[in-house]
Amino acid sequence: MSHPDPESRPGGASSRERVLGRIRRALADVPRDELPGSVPLDRDYLRVHGTRTPEQTADLLAVHLADYRALVHRCPAGGLPALIATLLAERGARSAVVPDGLPDGWLSAVTGVELVADTLALTARELDGVDSVVTGCAVAVAETGTIVLDGSAGQGRRRVTLVPDHHICVVLAPGQIVDSIPEAMERLDPARPLTWISGPSATSDIELDRVEGVHGPRTLEVILVDEPAR
């Protein structure tokens with residue numbers, strides 16, 4: 001005799017069978033011809049936690065980025081080239097990856113650093129020998145301290161922000177900063193390769209010893225550039 005419920009089988013059931021059994025029971029009253037879009041979902045949930053001015057949103061982003069151990073810098077638009085040059089020099093970078101489409105002028109003050117173009121010919125081994133990478137971003141989320149890259153102009157391929165040990169990411173304020181994840185999702189194309197960054201790469205072993213730089217850059221420096229009012 002078969003047992004329709006795996007959990008009632010003599011000797012018990014495997015974890016897989018228990019999970020699948022619970023899913024089947026949860027879906028027992030769902031018509032077989034129902035599709036995910038057949039039932040409208042209630043989306044009147046809270047989208048933003050609080051009311052902020054653009055300046056306050058940028059300040060909140062800076063606080064949360066720092067909580068994740070990112071190094072945060074603020075500067076006016078005209079000071080960006082000099083600041084990037086200073087950060088690369090302080091890092092002792094001898095080379096830096098430059099994604100296609102990085103705005104003209106961002107690296108105009110950089111000297112003594114080999115600028116490596118992000119091309120398909122750039123191998124992972126070669127990329128591992130590059131000290132830094134400078135990119136823009138698609139959007140930044142203040143409430144979570146998250147920066148999102150989507151691989152568009154000025155951001156490069158995903159590997160260029162994961163292999164080098166030092167990432168300088170430029171965020172334009174207030175234009176590229178939103179308060180919440182729901183607001184960020186409205187700006188992003190889910191078909192693009194999205195990379196969500198919350199601080200430098202970090203992991204912990206079973207004894208909770210934190211190790212940085214295992215899955216991405218050991219050092220993340222974020223420059224919040226104050227755009228002139230339009």
Side-chain angles (χ1 to χ4, degrees), residues 55 58-59 61-119 121-140 142 145-177 195 197-202 212-213 216-230:
E55 292 76 15
D59 289 343
L61 173 65
V63 168
H64 286 164
L65 285 169
D67 285 344
Y68 281 120
R69 301 194 187 185
L71 303 177
V72 184
H73 312 273
R74 306 287 291 267
C75 77
L80 179 59
L83 179 54
I84 291 177
T86 297
L87 297 181
L88 289 173
E90 291 177 346
R91 177 74 180 184
R94 296 162 298 177
S95 57
V97 176
V98 181
D100 184 44
L102 197 73
D104 295 337
W106 281 16
L107 302 178
S108 60
V110 175
T111 59
V113 178
E114 178 189 1
L115 302 180
V116 181
D118 173 26
T119 66
L122 185 64
T123 67
R125 182 179 294 275
E126 291 171 332
L127 190 58
D128 190 41
V130 177
D131 297 314
S132 304
V133 58
V134 180
T135 74
C137 73
V139 68
T146 303
I147 296 172
V148 187
L149 281 63
D150 66 2
S152 56
Q155 299 172 47
R157 295 171 297 159
R158 177 174 289 168
R159 67 164 60 181
V160 304
T161 59
L162 296 179
V163 179
D165 208 36
H166 177 223
H167 181 189
I168 297 175
C169 185
V170 177
V171 180
L172 304 180
Q176 291 185 319
I177 305 177
T195 303
I197 302 171
S198 295
S201 167
E212 297 181 347
R218 192 185 314 272
T219 303
L220 172 65
E221 301 206 60
V222 180
I223 303 176
L224 302 184
V225 179
D226 296 322
E227 294 180 298
R230 298 180 180 178

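Quick note: residue numbers are just sequence positions, from 1. Just so you know, these numbers use all the heavy atoms, side chains as well, and skip hydrogens, waters and symmetry mates.
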Please determine whether salt bridge (Lys or Arg N to Asp or Glu O under 4.0 Å) holds for the pair Arg74 and Asp59, giving the CA-CA distance in whole Å, both sets of side-chain angles, and the decisive distance to 0.1 Å. CA-CA 10 Å; Arg74 306 287 291 267; Asp59 289 343; 3.2 Å; yes
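A 6.0 Å sphere centred on CG of Asp100 holds no more than 12 heavy atoms belonging to other residues, nucleotides or ligands.
Separation of atoms OH (Tyr68) and CD1 (Ile147) is listed at 12.0 Å; rounding is to 0.5 Å. The distance from atom CD1 of Ile168 to atom OG1 of Thr135, rounded to the nearest 0.5 Å, is 9.5 Å. Taken from NE2 in His167 to CD in Glu221, the straight-line distance is 10.5 Å, to the nearest 0.5 Å.
Arg159 is not listed as a side-chain neighbour of Leu162, based on a closest heavy-atom distance of 4.5 Å or more. In this structure, Val148 and Cys137 have side chains that are not in contact, with every pair of non-hydrogen atoms separated by 4.5 Å or more.
Smallest separation of non-hydrogen atoms from Asp118 and Pro99: CB-CA, 3.9 Å. Pro174 and Glu227 get closest at one heavy-atom pair: N-OE1, 4.0 Å. For Val116 against Val130, the heavy-atom pair with the smallest separation is CG2-CG2, 4.3 Å. The minimum heavy-atom distance between Gln155 and Asp150, with the atom names listed, is OE1-N, 2.6 Å. What you find for Thr161 and Val133 is that their closest heavy atoms are CA-CG1, 4.4 Å.
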Please tabulate, for side-chain N and O atoms in residues 75-98, each donor-acceptor pair with protein atoms closer than 3.5 Å (sequence neighbours left out).
unit_1 : atom_1 : unit_2 : atom_2 : d
Thr86  : OG1    : Ala82  : O      : 2.9
Arg91  : NH1    : Thr219 : OG1    : 3.0
Arg91  : NH2    : Asp165 : OD2    : 3.4
Ser95  : OG     : Asp131 : N      : 3.2

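In summary, of the residues considered (Val139, Val222, Val72, Leu65), a side-chain contact (heavy atoms from CB on, under 4.5 Å) with Val171 occurs for Val222 alone.
Under the 3.5 Å distance criterion, the side-chain polar atoms of Arg157 are matched with a main-chain donor or acceptor of Thr119.
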